[in-house]
Q: 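Below is one structure. I have some questions about it.
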Amino acid sequence: MTDLAIVWFRRDFRLADNPALDHARKHHQRVLPVYIHDPEVLGNWAPGAASRWWLHHALADLAERLDDRGAPLVLREGAAGDELARLVEETGAGAVYWNRLYEPAIVERDTTIKSDLKGRGLDVESFRAALLFEPWELLRDGERFYKVFTPYWKRMQADWRAVSSRPEPRELTGPSEVPDSVSLDDLALLPDIDWADGLRDRWEVGELAGRRRLDHFVDDGVADYENERDRPDHRGTSSLSPYLHFGHVSPVQVVEALEPSGELPGGKGPLGFVRELAWREFSTLLLFHNPDLPDTPMQEKFADFPWRTREDYADDLETWTRGRTGVPIVDAGMRELWHEGWMHNRVRMIVASYLTKNLLIPWQEGAKWFWDTLVDADLGNNTQGWQWTAGCGADAAPYFRVFNPELQADKFDPDAAYIHRWCPELEGLDLKQLKKLDDAERRRRGYPPMQVDLKASRQRALDAYQAIKG
DNA sequence: CAAACATTTCA
DNA sequence: GAAATGTTT
């Protein structure tokens with residue numbers, strides 16, 4: 001067995017419960033941690049601006065933590081396969097380990113890299129770290145993947161196996177000579193114009209910050225999760241999504257925090273939260289088995305859907321992105337997104353329904369905006385979420401389900417607290433008053449007029465769906 | 001008879 | 001999930 005192993009970090013920015021790192025440390029005397037910046041691999045879906053902001057700080061955090069343990073992180077830029085081959089030559093490493101990702105383009109790249117490195121006689125292994133179950137496990141009749149969430153979720157519960165996290169290494173030994181590294185600033189991940197104030201206020205990036213978030217949620221939040229998770233005014237969700245996306249926190253760690261034995265958590269709140277983790281896994285498997293999913297509707301009949309044309313909708317799209325649609329709950333959500341790089345899930349559904357149904361703008365436009373602005377932007381989750389609301393996904397909402405933003409506010413923001421937080425122009429107005437706010441009062445307060453009539457635009461969406469049914 | 005609540009329909 | 005329709009108070 002060779003002395004030195006490369007641990008290739010990708011989106012697993014943690015030392016605790018990191019299977020690739022744990023394996024390297026157990027079987028080799030020295031460990032060389034590497035991150036290779038290779039945004040090209042995802043083509044049109046290279047990380048957006050908010051994601052890159054998070055990535056910058058995630059790398060800084062990981063580098064610091066690895067330094068503390070004695071194995072400095074090497075940063076490289078370029079095609080991952082070339083850089084790994086170069087590093088193997090430079091260092092004489094005998095092994096390369098990493099944790100698996102599931103975006104089809106990444107899978108394809110990694111498969112090639114694995115066989116190349118094996119061809120050079122290296123010990124190469126990848127590990128499951130980002131999911132509880134692989135996308136090729138839990139198949140119907142052992143061959144076909146699930147296309148409907150509920151049976152998938154039942155199956156996951158039935159096939160549950162106790163999870164167990166891997167220990168965090170206290171000490172690591174780096175290579176005797178550390179190879180060249182580019183600097184973090186060279187990667188130019190931060191925006192040229194600093195718009196990240198709101199993100200900085202809202203998010204603390206890093207492994208320990210993620211674990212604090214998790215602990216806090218488990219101590220105070222998860223018990224009431226089923227009642228509170230739909231309440232943007234109460235911040236009833238976990239806020240773990242970016243930490244899970246970047247692997248500061250693993251789903252195994254989440255399960256163990258909820259249920260130390262690693263068995264399926266009992267209790268309404270904890271089980272409800274694991275169900276949301278199952279949605280995350282379901283979205284990942286849908287993308288894994290359908291490489292076109294980010295751009296193409298899963299239901300074929302939607303290829304002919306009469307969306308408005310780009311030149312027709314361009315202005316309305318921009319109004320939506322800026323949070324100036326004149327629909328309070330929609331504008332509140334879009335402003336939260338712009339300011340904090342995040343939006344409450346209930347509100348994501350509301351603004352997505354509004355864009356695709358009331359504005360009749362293709363879901364891909366919404367997906368792209370979210371991709372650029374969310375710190376938790378995840379190709380599987382984002383794609384699945386948009387296809388679900390648009391009605392064209394695998395297990396989508398029925399096409400006639402058009403959210404009424406006013407009724408949604410009645411149910412989920414009854415005191416308009418969330419609306420007031422993001423739309424200060426509307427201060428002092430309750431939901432009843434907001435519903436009959438006339439143009440003169442809107443103008444006086446500097447709040448935009450209604451972009452569309454909710455009733456008429458709803459009917460237009462239903463008529464559009466009529467055109468493709470069959 | 002209006003209001004509150006429950007059920008059905010929408011493909 | 002919303003709106004229309006039906007049922008109860």
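Numbered from 1 within each chain, the chains take letters A, B, ... in sequence-line order.
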Q: Between Arg200(A) and Asp197(A), does at least one N-O distance fall below 4.0 Å, as a salt bridge requires?
A: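 Salt bridge: yes.
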Q: Starting at atom CG of Asp410(A), determine the distance to atom C1' of dA3(C), rounded to an integer number of angstrom.
A: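 Nearest whole value for this atom pair: 15 Å.
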Q: Rounded to the nearest angstrom, tell me the gap between atom NZ in Lys357(A) and atom P in dA11(B).
A: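 The distance from NZ of Lys357(A) to P of dA11(B) comes to 14 Å, rounded to the nearest Å.
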Q: Ignoring the backbone of Arg346(A), work out which of dG1(C), dA3(C), dA11(B) is nearest its side chain.
A: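 Shortest atom-to-atom distance from the side chain points to dG1(C).
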Q: Does Trp98(A) have its ring centroid less than 6.0 Å away from the ring centroid of Trp8(A)?
A: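 Ring centres of Trp8(A) and Trp98(A) closer than 6.0 Å.
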Q: Look at Arg231(A) together with Asp224(A) and state whether they make a salt bridge at an N to O cut-off of under 4.0 Å.
A: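 So Arg231(A) does not pair with Asp224(A) through a salt bridge.
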Q: What's the closest nucleotide to the Tyr399(A) side chain, out of dA11(B), dG1(C), dA2(C)?
A: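 Of the candidates, dA11(B) comes closest.
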Q: Can you see whether Tyr313(A) has Arg308(A) sitting over its ring - NZ or CZ less than 6.0 Å from the centre and within 45° of the normal?
A: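 No, cation not above the ring by the 6.0 Å, 45° rule.
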Q: Roughly how many Å is it from CD in Gln459(A) to C1' in dA4(C), rounded to a whole number?
A: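 One finds 13 Å between C1' of dA4(C) and CD of Gln459(A), rounded.
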Q: When the distance from CZ of Phe400(A) to C1' of dA2(C) is rounded to whole Å, what number comes out?
A: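 Roughly 10 Å, once rounded to whole Å.
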Q: Measure the distance from CD on Gln408(A) to P on dG1(C) and round it to the nearest whole Å.
A: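 Checked: the CD to P distance equals 7 Å.
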Q: Taking atom C1' of dG1(C) as reference, at what distance in whole Å does atom CG of Asp395(A) sit?
A: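 Computing the Asp395(A):CG to dG1(C):C1' distance gives 15 Å.
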Q: OP1 or OP2 of dA3(C) less than 4.0 angstrom from a side-chain nitrogen or oxygen of Asn404(A), does that happen here?
A: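 Yes, such a contact exists.
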Q: Atom CZ of Phe412(A) to atom P of dG1(C): distance rounded to whole Å?
A: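 Value for this atom pair: 6 Å.
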Q: So does Lys455(A) get a side-chain nitrogen or oxygen closer than 4.0 Å to the phosphate oxygens (OP1/OP2) of dA3(C)?
A: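 Answer is no, no contact under 4.0 Å.
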Q: Write down the distance between CG (Leu462(A)) and C1' (dA4(C)), rounded to a whole number of angstrom.
A: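 Distance check: Leu462(A) CG to dA4(C) C1' gives 13 Å.
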Q: Just to confirm, is there a sub-4.0 Å distance from OP1 or OP2 of dC10(B) to any side-chain nitrogen or oxygen of Gln466(A)?
A: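 Answer is no, no contact under 4.0 Å.
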